[in-house]
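Structure record follows, encoded as structure tokens.
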Amino acid sequence: MATIDFSAEFGGRDAAGVILPHFKALKSVAKTVLLEPFPYPKLVFIFRVDGEVYEYGLSGVGNLDIDSNGQYLSVDVGITLEDRMDVKSKIQKALQDGQNLIASLLTDNDEFDEGALRNLLDQLCAEYAKLI
Amino acid sequence: MWFDCIPQADCEELSFQLGEVLGSALINRKDLKSNILQARTKVKDFVRKLFKGGGKKKALSHLNDSDTVKPGTEPNLDPTDVGPGGTVNRQFRDANGRLRNADWTFAYDGGPKPRTSVGTHGNTAADQPATLYERYDADGNFLKHGISQDPSKRYTQAELDGGYLIRIQTGPRSEILKIERNLVETNPGPLNKEPWAGSRSGK
């Protein structure tokens, strides 16, 4: 059983101003769901958002990372200055693309159910859309 | 030179012993001083044993007259080696360019040389780029002001821990340090543990 969580790095106050409402909405929805089965205790999406101070230059999902202690699996979600024009749809697309990315990594893992992940992330997207 | 007469086997033995002592010193840095002293003692014992009986003269005895130091005739002599009245200071430069006395001890050669390296350590307050950031926890509470010395670094979930980080400013580390110091003194976060944190709170 795994929890879903979100973390973020903002490349400036301007980036935080645009993305924080979405970030907080996603976190509040994530508190209400659990993913089962999943081989790690936590699935995390980390936003890397371009801003006036620093640009990560990432768009969409990538950079799967598994904690050396096996405590989490994280996926980066890049948001460029251009992506910030339509944040809601970019985030929803990233969550859907994240399903495929994670599935490609864990496809042979007995503790992973691709259907369960898809259902849960779809539910998360729908609840998030209601809040924003 | 006089040390040419030292048998190669003895040199190898000394190298081996020194390697053992200094290797142990590097592994356990706490005992660095005592290991260096131990190495010095080993060298002294070795040289004493080597020249036991005839002393250094014995080692030098096989040399021809042409090898002995004479005013103005030694090819390695510095002009400074000839003292007042033509007396010889008996100092010379070895193959590595180090100034030595005739008894092979190091001679004073003007003191430490200025460093030529211009490299900087990550914590040096110089012109290398640094980024000032603010860190917040998972509930959006401010935790601390901090400095990252690698602007391209991407923080992991273990570091962010469900929270977020906002990059505030990038610039030369020396400037960023001053700004951070001012912020930590006047408006610290609970994780700013510096001794000066909050020293000017409310100012």
Side-chain angles (χ1 to χ4, degrees), chain A residues 2-31 40-58 61-79 81 98, chain B residues 122-123 125-192:
Chain A
T3 57
I4 311 282
D5 201 2
F6 293 85
S7 296
E9 265 195 83
F10 300 111
R13 286 193 197 280
D14 59 324
V18 172
I19 304 297
L20 266 178
H22 298 266
F23 178 74
K24 287 178 179 172
L26 286 163
K27 277 184 87 76
S28 68
V29 174
K31 281 179 185 169
Y40 303 98
K42 200 174 265 190
L43 169 61
V44 186
F45 293 90
I46 304 177
F47 288 100
R48 316 279 185 190
V49 189
D50 289 359
E52 61 192 357
V53 175
Y54 187 76
E55 291 184 18
Y56 298 90
L58 305 168
V61 292
N63 193 31
L64 273 174
D65 184 31
I66 295 171
D67 174 35
S68 55
N69 295 324
Q71 291 302 301
Y72 62 80
L73 184 152
S74 70
V75 182
D76 280 8
V77 179
I79 297 179
L81 296 174
Chain B
N123 281 339
D127 290 338
Q128 72 272 38
T131 300
L132 178 69
Y133 64 80
E134 290 175 358
R135 195 177 142 199
Y136 294 81
D137 70 10
D139 297 321
N141 301 308
F142 175 63
L143 293 178
K144 68 177 284 191
H145 301 282
I147 291 179
S148 167
Q149 58 195 30
D150 178 7
S152 66
K153 174 182 167 60
R154 280 187 284 170
Y155 289 83
T156 65
Q157 164 62 15
E159 292 162 319
L160 295 167
D161 196 22
Y164 59 92
L165 185 145
I166 303 176
R167 294 178 187 240
I168 304 301
Q169 193 174 338
T170 295
R173 185 174 165 82
S174 55
E175 290 301 311
I176 297 294
L177 274 172
K178 286 179 198 165
I179 297 167
E180 188 218 19
R181 171 82 182 226
N182 183 49
L183 288 168
V184 171
E185 285 180 354
T186 56
N187 184 27
L191 291 189
N192 280 120

- [ ] Measure R154(B) against the heavy atoms of chain A and call it side chain, backbone, both or neither at under 4.5 Å.
- [x] both

Task: Part of F6(A) lying under 4.5 Å from any heavy atom of chain B - done: backbone

Open item on the list: For a 4.5 angstrom cut-off between non-hydrogen side-chain atoms, does D127(B) reach R173(B)?
Closed with: no

Task: Test item: H145(B) side-chain N/O and N182(B) main-chain N/O as donor-acceptor pair under 3.5 Å - done: no

TODO: Tell me, for Y56(A) versus chain B, whether the close heavy atoms (under 4.5 Å) come from the side chain, the backbone, both or neither.
DONE: side chain

Task: Which atoms of Q157(B) approach chain A - backbone, side chain, both or neither, heavy atom under 4.5 Å - done: both

Task: Row check, Y54(A) ring normal vs R167(B) NZ/CZ: under 6.0 Å, within 45° - done: yes

Open item on the list: Does any backbone or side-chain atom of L58(A) lie under 4.5 Å from a heavy atom of chain B? Answer side chain, backbone, both or neither.
Closed with: side chain

Open item on the list: Ring of Y155(B), cation from K153(B) - is the NZ or CZ under 6.0 Å from the centre and inside 45° of the axis?
Closed with: yes

TODO: To the nearest 0.5 Å, tell me how far I147(B) CD1 sits from T131(B) OG1.
DONE: 9.5 Å

Task: Under 3.5 Å: donor-acceptor pair, side chain of E175(B), backbone of P172(B) - done: no

Task: Heavy-atom pairs under 4.5 Å with chain B, option from D65(A), L20(A), N69(A) with the top count - done: L20(A)

Task: Side chain / backbone / both / neither for R13(A) at chain B, heavy atoms under 4.5 Å - done: both

